[in-house]
Amino acid sequence: MRFAGAFGYEVAGKALGLLHDVGKMAQAYQLYIRGQGPSPDHSTAGAAIACQHYGRSWGPLLAASIAGHHAGLADGDGEKGQLSSLKSRLDRYKGNLTCAEGAEPPAPEQVRSSIKHLDSGLRRSLLGRMLFSTLIDADRLATEAFYAHLNQQPVQRGCDTSLGMLRDRLTDHLVALAAKARADVAENPALGTINDLRAQVLAHVRNGAAQEPGLFSLTVPTGGGKTLASLAFALDHAQHWGKRRIIYVIPFTSIVEQTADVFRKALGDDDAILEHHSGFDGGSERQETGVSDAEAPDGGKKARLAAENWDRPVVVTTAVQFFESLFSNRPGKCRKLHNIAGSVVILDEAQTLPQPLLRPCLKLIDALARDFGCTLVLCTATQPAVNSSKLFADGLDNVRELAPDPAGLYQALKRVRVETMEGRPDVAALVTAMQSAPQCLTIVNSRRHAADLYAALKAADRAEPRLLTTALCAEHRRAVLADIREDLAQQRPVRVVATSLVEAGVDISFPLVMRALAGLDSVAQAAGRCNRHGEHGREGGRVLLFNPADEEGHRPPADLKVFADTAARVLSRTDDPLGLDAIRAYFQELYWRKGLAGALDKHNILKMLDDRADTLLFPYETVARLFRLIDDAQAPVIVPYKPAAEKIAGLVSDLSYVSSPGAIARQLQPYMVQVPIRARDKLREAKAAEYVRPDLYGDQFVLLTNSDLYDAKAGLRWDDPTYRDIGNGFM
């Protein structure tokens, strides 16, 4: 009831709490808990009572949560003959339809009599998921408290640090940064302009924090200080309007790690910040069996609990984790949803919202603001054209800009000139171009192209080049970046080949950046790694675009080709590829001209939900299966990164001695590489990798056992799982 009260549905929450386990009154269940019979279905009874008691206006929405509080939200009506659908289960139920005396659910008139103000299937189905979330979290917290009491252990709860305390710490940190910036300007006056502009952005954004909650945008060029400015806005706004937490949503896992580190330094509180992505799930889906891990070590339990229900003041997570959870039907993923209500949500790099699911994502953003008390900020250097217009009726309305004069900011922060390389350069031509400058960063569209270019550059260059791709584990990438920054600071020759992972949240600055043709938003991000701090003067950086030779593995992947082709058309008719007009034209061509076509909702999810809006029998399971931000599913492999080999071996060994792996999974995360699931399977088939305690953890942990496949410079190679390094004595 208290959890549902956060978004105005206290009585509905109370009804769920009272009805979800009434099936345990049945004689069959009473025999089961005494060890005298099999485990019976105990959740359909409460669902049937909810439908009878609340009728069509509320019954199916509450029944879905009650029936699914162990197995997950089922499809409401499903395909003909689908026995697992909610309707089929209710039709088959022949049991008791009464509650114990004193435990009757609230009268129908006490629950809001209608949800007609929620005018779409998406809004009504999201309410159903939010209510489901309150039931799952309350049920599990009650269970965990019971076992904690039974075992005479403390009950694990969230963090005591308030958002007001964090705001004060951030203010102190920003004061210290300003003092350092003044000292830097004294040494290099060229930095004065950009530091002044960053200060202006910060002050303007914080002054806007008292505005009414709702939808905002923050359009600041890369290097303009938007990360800390957006955090400052979020904390000020939360304090002013009584918001409950800050949720920072980032498109890439590698940037989650970096941003969480920035926030820990700025806020001075590790416990207040939850870093949550695929590597930090801690086996939450395993908890859906209903088995408690109350006997896990306290630290592991606390970390696991935070990852499951997001009960921390600041959450830093991925777009995949955020959006897929909000369209999920699984208890483990949905448990945290009610804690999103009443939050400030920063959508970093908002231009990366996936085109095939753009309409459902935008409708979800709108619903969170309208129905669940959220303030959402679309934070980016290249604001996508997602506002409502005559050409894009499904866009967002009433989006307020927080930045002072984005067009003026762009001109004032203009630090690079963009040029285009002639022809279709192959690897040899790119090597020659890179060698024309002592410090150069080249960004390409695939790991294969990066590996080939790195190998050619290494053979031709006397100075050791660097390689940055997701084939390197996070700790390895951090070490390489530290070396790069040191080379740049000492003005040593340094040439780097990278994939797009370097384009967001990585604070490095080169005089020359070469970029394989991609979307204009990616070009702008690449430009943010060039003359980043203005140290080479206004427009003193050079960004060189190129369309790579048509060779196997060097073309843009199919899902990126549409962005590159659209950018090429816009580039052909503009003198300023990074100007706001060009960016607007790019997104206009990419989104608006597709209008309401299926390309922006390729699975027709919105129609699927609208078709059931009246009956409330939503296809939760089907939608969860279809809503995938990343179609090519990836899976982690633990790699033997040599500088941490002893630590990794110890952590892997420890997995055999814990009942909940959450804390160890977090410590192993810096030593994991994400690979396609098929590639991981091939590594196992070739005996190059193996499961770690599959009897306990299923396929959650896979360890690379052929250490020759992890190169000290290039990272994990999985194209030939049987490869052995002859220099290591293998044949």
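All heavy atoms count here, side chains included; hydrogens, waters and symmetry mates do not.
For the pair V543 and L578, the minimum side-chain heavy-atom distance is 4.5 Å or more. No side-chain heavy atom of L402 sits under 4.5 Å from any side-chain heavy atom of H237. Proximity of Y710 to L472: side-chain heavy atoms (C-beta onward) are separated by under 4.5 Å at one or more points. You'll find the side chain of E349 stays beyond 4.5 Å of the side chain of D521, heavy atoms only. Taking 4.5 Å as the limit, some side-chain heavy atom of R478 sits within range of a side-chain heavy atom of P670.
In this structure, R584 pairs ionically with D581, as a charged nitrogen and a carboxylate oxygen lie closer than 4.0 Å. Looking at D261 and R264, a side-chain N of the basic residue comes within less than 4.0 Å of a carboxylate O on the acidic one, giving a salt bridge.
Looking at N207, its side chain does come within 3.5 Å of a backbone N or O of A203 through a donor-acceptor pair. Checked by atom type and distance alone, the side chain of Q321 never pairs as donor or acceptor with a backbone atom of T318 at under 3.5 Å. Y248 places no side-chain N or O within donor-acceptor distance of the main-chain N or O of T259, the cut-off being under 3.5 Å. In this structure a side-chain-to-backbone donor-acceptor pair under 3.5 Å is present from Q435 to A460.
Defined by atom type and a distance below 3.5 Å, a donor-acceptor pair is present between the side-chain atoms of E401 and T219. Side-chain atoms of N195 and H533 form no donor-acceptor pair, as typed in the model, at a separation below 3.5 Å. Between Q669 and E275, the side chains place no donor N or O within less than 3.5 Å of an acceptor N or O (distance only, hydrogens not considered). Looking at S509 and R415, their side chains never bring a donor and an acceptor atom within 3.5 Å of each other.
A350 and L378 make their closest contact through CB-CB, 3.9 Å (heavy atoms, listed as atom of the first residue, atom of the second, distance). Here the closest heavy-atom approach between residue V513 and residue R529 is recorded as CG2-O, 3.8 Å. What you find for T574 and V570 is that their closest heavy atoms are CG2-O, 3.2 Å. In terms of heavy atoms, N445 sits closest to A518 at OD1-CB, 3.9 Å. What you find for A498 and L441 is that their closest heavy atoms are CB-CD1, 4.1 Å. Closest approach of F546 and I443 over heavy atoms only: CZ-O, 4.3 Å.
The side-chain hydrogen bond (donor to acceptor under 3.5 Å, both in side chains) search around R448 returns D452, not counting sequence neighbours. Y586 is linked by a ring pair (Phe, Tyr, Trp, His ring centres under 6.0 Å) to nothing, counting only residues two or more places apart in sequence or in another chain.
Going from atom CD of Q200 over to atom CG of D405 covers 10.5 Å, rounded to the nearest 0.5 Å. In this structure, CZ in F233 is found 6.5 Å from CD1 in I346, a value given to the nearest 0.5 Å. Atom CZ of R477 is separated from atom CD1 of I484 by 12.0 Å, given to the nearest 0.5 angstrom. Taken from SG in C374 to CZ in R245, the straight-line distance is 10.5 Å, to the nearest 0.5 Å. A distance of 10.0 Å separates CG in L177 from CZ in R198, rounded to the nearest 0.5 Å. Atoms CD and CG, from E324 and L629 in turn, are 5.5 Å apart once rounded to the nearest 0.5 Å.
Remark: of the listed residues D236, L267, L231, D236 is the sole one forming a side-chain contact (heavy atoms from CB on, under 4.5 Å) with R167.
Note on ring orientation: taking the six-membered ring where Trp is involved, the planes of Y671 and Y641 are parallel (angle under 30°, cut-offs 30° and 60°).
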